Q: 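First the structure, then my questions, so here it is.
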Amino acid sequence: MPELPEVETIARELNGHVTGRRIEAIEIFRADALGRQAPADFCRALRGREIRHCSRRGKYLIFHLHPERYLVVHLRMTGKFAVTAPLEAPLRDHRLWFHLDDGRVLVFQDLRCFGTLDVVARLSDSPALSKLGMEPLSPQCTQSWLRRALAASRTPLKPWLMDQTKIAGLGNIYASEILYAAGLDPTQPANGLDGPSVARLHRATRRILRKAILKSGTTISDFRRVDQKTGEFQHFLRVYGKAGEPCPKCKTPIAAIRQQQRSTFYCPRCQR
DNA sequence: AGCGGAACCTGTCGGC
DNA sequence: TGCCGACAGGTTCCGC
């Protein structure tokens with residue numbers, strides 16, 4: 001489900017709901033998300049700790065706990081968090097309940113059971129986080145960084161943008177939208193971009209992500225915010241999911257192709 | 001280095 | 001109505 005803007009939205013909203021709350025107990029209804037961590041160890045590592053705040057790195061959500069521990073969560077396709085009053089019984093997609101010290105419950109839901117939750121003592125202990133590349137909205141993500149990074153690879157642009165070890169946080173929706181906004185062919189090799197193209201890609205990446213965060217992300221089927229509201233960026237999508245519809249700029253039908261087993265949407269006329 | 005394919009798991013949708 | 005395959009916003013592993 002969620003890419004950078006959706007995870008950023010969830011982190012911000014969780015801050016309003018769970019900051020300062022202590023985790024009093026944990027109930028696990030289905031342990032897939034814990035990977036090789038034993039449920040008892042997982043609970044023991046979290047119980048009694050206070051949630052100081054939530055942040056995001058790439059598509060990972062990070063709960064900063066006190067005394068120091070970190071809960072590193074990846075929502076994959078269908079993971080969600082909700083904060084609710086106590087329930088009698090878990091709903092079908094409820095995987096874990098974190099009982100908080102104000103009586104409410106932080107619920108982790110995940111229909112497809114792809115999501116992951118890991119507890120680490122230090123952020124540098126997380127193998128997942130250590131593999132991530134540049135944060136696209138950070139000050140370090142400059143045009144010259146992007147130029148050098150692109151020059152090192154002949155991978156087609158769209159798969160390049162989705163490679164989390166290069167830039168962290170872009171998925172299938174935003175990669176397509178960014179390339180449309182930049183007017184770039186998703187199939188062209190990363191190292192084939194000239195200076196002006198790199199500049200357009202850099203600007204489009206930051207502009208699209210900032211706007212998507214402003215709109216609280218994209219809800220296509222099941223993304224929900226912590227309060228169950230939908231994101232609103234889907235109203236601003238130009239190409240994603242719009243195969244056959246006219247390009248907003250030139251009216252050429254939007255094309256759909258497969259790249260690395262994922263759909264790519266683009267305008268064959270505007271993107272070269 | 002980089003690609004295709006499969007795997008993780010569940011639901012939905014379109015075609016026949 | 002029912003069955004079957006394709007597909008879904010992600011990541012990782014394996015083999016070539």
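Letters A, B, ... mirror the listed sequences (proteins, then strands); counts begin at 1. Values in this document were obtained by computation on a predicted structure and should not be read as measured data.
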Q: Closer than 4.0 Å, any side-chain N/O of A:R95 to the OP1 or OP2 of B:dC9?
A: no

Q: In whole angstroms, how far is the C1' atom of B:dG11 from the CG atom of A:D110?
A: 13 Å

Q: Are A:F29 and A:H94 near enough that their ring centres are under 6.0 Å apart?
A: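 Not close enough - the centres of the two rings lie 6.0 Å or further apart.
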
Q: Of all the choices, B:dC3, C:dT11, B:dG2, which nucleotide is nearest to the side chain of A:H74 once you look at every atom?
A: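 Nucleotide nearest to A:H74's side chain: C:dT11.
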
Q: Please give, in whole Å, the distance from C:dT12 C1' to A:M77 CE?
A: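 About 14 Å, once rounded to whole Å.
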
Q: Can you tell me if A:R258 touches the phosphate of C:dA8, counting only side-chain N or O atoms and a distance under 4.0 Å to OP1 or OP2?
A: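 Yes, A:R258 has a side-chain N/O under 4.0 Å of OP1/OP2 on C:dA8.
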
Q: Rounding to an integer number of Å, can you tell me how far A:F265 CZ sits from C:dC7 P?
A: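 For the pair A:F265 CZ and C:dC7 P, the rounded distance is 11 Å.
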
Q: Just how far, in rounded Å, is P of B:dT10 from CG of A:L111?
A: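 Computing the A:L111:CG to B:dT10:P distance gives 8 Å.
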
Q: Whole Å only: how far is the CG atom of A:L132 from the C1' atom of C:dG10?
A: 13 Å

Q: From the list C:dA8, B:dG11, C:dG10, which nucleotide is the closest neighbour of the side chain of A:M162?
A: C:dG10

Q: Less than 4.0 angstrom from a charged side-chain N to a carboxylate O is my criterion; do A:R47 and A:E24 meet it?
A: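 Salt bridge flag = no for A:E24 with A:R47.
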
Q: Check the pair A:F233 / A:Y174 against ring pair (Phe, Tyr, Trp, His ring centres under 6.0 Å), numbers first and verdict last.
A: CA-CA 10 Å; A:F233 191 73; A:Y174 294 105; 5.7 Å; yes

Q: Looking only at the side chain of A:C113 (C-beta and beyond, no hydrogens), which of the listed nucleotides B:dC9, B:dG2, B:dG11 gets closest?
A: B:dC9

Q: Nearest whole angstrom, please: distance from the C1' of B:dG4 to the CZ of A:R262.
A: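 That distance rounds to 14 Å.
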
Q: Measuring from the side chain of A:R112 (C-beta onward, heavy atoms only), which nucleotide among C:dA8, C:dG10, B:dG4 has the closest atom?
A: C:dA8

Q: The side chain of A:S263 lies closest to which of these nucleotides: C:dA8, B:dG4, B:dC9?
A: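 For A:S263, the side-chain atoms sit closest to C:dA8.
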
Q: CZ of A:F114 versus P of B:dA6: gap in Å, rounded?
A: 15 Å

Q: Do A:Q261 side-chain and B:dG5 base share a donor-acceptor contact under 3.5 Å?
A: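 Looking at the base of B:dG5, it does pair with a donor or acceptor on the side chain of A:Q261 (distance under 3.5 Å).
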
Q: Within this structure, what is the CD1-to-P distance between A:I220 and C:dC7, rounded to whole angstrom?
A: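 Spelled out: CD1 on A:I220 to P on C:dC7 is 16 Å.
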
Q: Above 12 or not: heavy atoms from other molecules or residues under 6.0 Å from NZ of A:K229?
A: no

